[in-house]
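Atoms considered below: every heavy atom in the structure, side chains included; atoms not considered: hydrogens, waters and symmetry mates. All figures in this text were calculated on a predicted structure; none of them were measured in a lab.
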Amino acid sequence: MAKIISVANQKGGVGKTTTAINLAAGLAKSGRSALVIDVDPQCNATSGLGVEPAQRHPLLAGRPLVEEVAETSQEGLFVLPGSQSLADADALSASNRQRASTLRQQLHGELGRFDYVLIDCPPSLGQLTRASLGASHELYVPIQCEYFAMEGLSQIIELARHAKAKDNHKLEIGGIVLTMYDPALELANEVVNEVREYFDATVFDSLIPRDVHVSEAPSHGVSVLDYAPRARGSRAYAELVMEVIDRE
């Protein structure tokens, strides 16, 4: 059965989609099958994996989801494309508990053949993120090593705790991923220390650095692991993948 992970943070620009893409790519390279489900109307996870957005979101299209899964250029890595339709975004966001129940059934049924399913959530605390949490086993929270990081982190953690209590008793905080780390900045080191002091073992050891190669890779439709395998960002995501595997 697939391990379903929501990658979420209500703040934009924290490396959420980048983490979903590169983590899934690294898991596929390790021999696991990985599926990225794009429920963010921006569809960055879809385009970042070299796939065109769908006219209608597969979760709403009424066809078997296995027929909607798209292959990427990397073996073992797949994507369920997102849709930029505002009507689809509204429909996916409607009726939190009903949507979470339906999404859970779909993921554990038709898409259960994958080892990992990563849901790239929109940058909000809205109903779509709540529904994704209601269908997941774990939540991964990427946060940038910058000012206001703790404030945003506490909000998404509180949402996860609410989802666990109300909709999904199996949901756990799987890990916090520290992104955009610059060791030369005192503030970045202060954020790292503060997050680790407060959340302890929940925080992954791997630090994802600021790296232009990480930013460039999506424009080529591949992960940074393929685009620049020797880059600092690529090595950091490879280390993160090993941590995720070690926690299996």
Side-chain angles (χ1 to χ4, degrees), residues 4-25 34-61 65 68-74 77-94 96 99-100 103 106-107 111 117-136 139-144 146 148-149 152-153 155-156 159-160 177 179-180 208 210-224 227 233 237:
I4 304 167
I5 301 168
S6 281
V7 183
N9 191 321
Q10 79 277 15
K11 291 172 63 66
V14 301
K16 173 184 61 65
T17 298
T18 300
T19 295
I21 288 174
N22 289 297
L23 181 54
L35 170 69
V36 175
I37 296 181
D38 193 349
V39 296
D40 185 344
Q42 298 177 86
C43 297
N44 289 336
T46 300
S47 60
L49 287 171
V51 175
E52 290 291 325
Q55 292 296 318
R56 189 85 201 276
H57 200 289
L59 293 172
L60 299 171
L65 291 182
E68 304 296 319
V69 171
E71 296 182 352
T72 70
S73 59
Q74 181 184 330
L77 177 60
F78 304 85
V79 60
L80 192 67
S83 167
Q84 295 175 335
S85 164
L86 294 177
D88 278 5
D90 289 340
L92 283 169
S93 299
N96 179 36
R99 173 55 57 194
L103 184 57
Q106 291 170 315
L107 294 179
L111 302 180
V117 173
L118 286 84
I119 306 176
D120 184 40
C121 299
S124 76
L125 297 176
Q127 296 295 340
L128 193 47
T129 297
R130 294 169 187 262
S132 298
L133 293 176
S136 299
L139 164 66
Y140 284 4
V141 186
I143 66 166
Q144 78 279 41
E146 296 177 359
F148 289 139
L153 179 57
Q155 291 175 333
I156 189 67
L159 178 63
V177 184
T179 66
M180 304 181 189
I208 310 301
R210 287 191 176 276
D211 184 349
V212 66
H213 298 96
V214 174
S215 302
E216 291 174 347
S219 67
H220 296 269
V222 296
S223 71
V224 71
Y227 176 68
Y237 272 114

Between V39 and H57, is any pair of side-chain heavy atoms under 4.5 Å apart? yes
Heavy-atom closest pair, residues F78 and V69: CB-CG1, 3.6 Å
What's the verdict on side-chain contact (heavy atoms from CB on, under 4.5 Å) for V224 and Y237, showing C-alpha distance, side-chain angles and the deciding distance? CA-CA 9 Å; V224 71; Y237 272 114; 4.2 Å; yes
Name of the residue among D40, D120, D38 meeting side-chain hydrogen bond (donor to acceptor under 3.5 Å, both in side chains) with T46: D38
Measure the OG-CG distance between S132 and L118 for me, rounded to the nearest 0.5 Å. 11.5 Å
Return the minimal non-hydrogen interatomic distance between A160 and L139, and the atom names on each side. CB-CD2, 3.6 Å
Please check: side-chain N/O of Q10 versus main-chain N/O of Q155, any donor-acceptor pairing under 3.5 Å? no
Counting only N and O atoms by type, is there a donor-acceptor contact under 3.5 Å from the side chain of T129 to the main-chain atoms of S124? yes
Specify the closest pair of heavy atoms between V51 and A70, including all atoms of both residues, with the distance to one decimal. CG1-CB, 3.9 Å
Atom of P142, atom of A8 and distance for their closest heavy-atom approach: CD-O, 3.7 Å
Any side-chain heavy atom of P58 within less than 4.5 Å of one from P81? yes
Interatomic spacing from OG in S223 to CG in N22 - rounded to 0.5 Å: 5.0 Å
V214 and G233 have their tightest heavy-atom pair at CG2-CA, 3.7 Å
To the nearest 0.5 angstrom, please state how far the OG atom of S6 sits from the CD1 atom of I156. 8.5 Å
Do other residues, nucleotides or ligands put more than 12 heavy atoms under 6.0 Å from E216 CD? yes
To the closest 0.5 Å, what do you measure between NZ (K16) and OG1 (T179)? 11.5 Å
About how many Å separate CG of N44 and CG of L49, when rounded to the nearest 0.5 Å? 11.0 Å
Output the distance between atom CD1 (I143) and atom CE (M180), rounded to the nearest 0.5 Å. 11.0 Å
Run the numbers on R130 and L159 for side-chain contact (heavy atoms from CB on, under 4.5 Å), then give the verdict. CA-CA 8 Å; R130 294 169 187 262; L159 178 63; 3.4 Å; yes
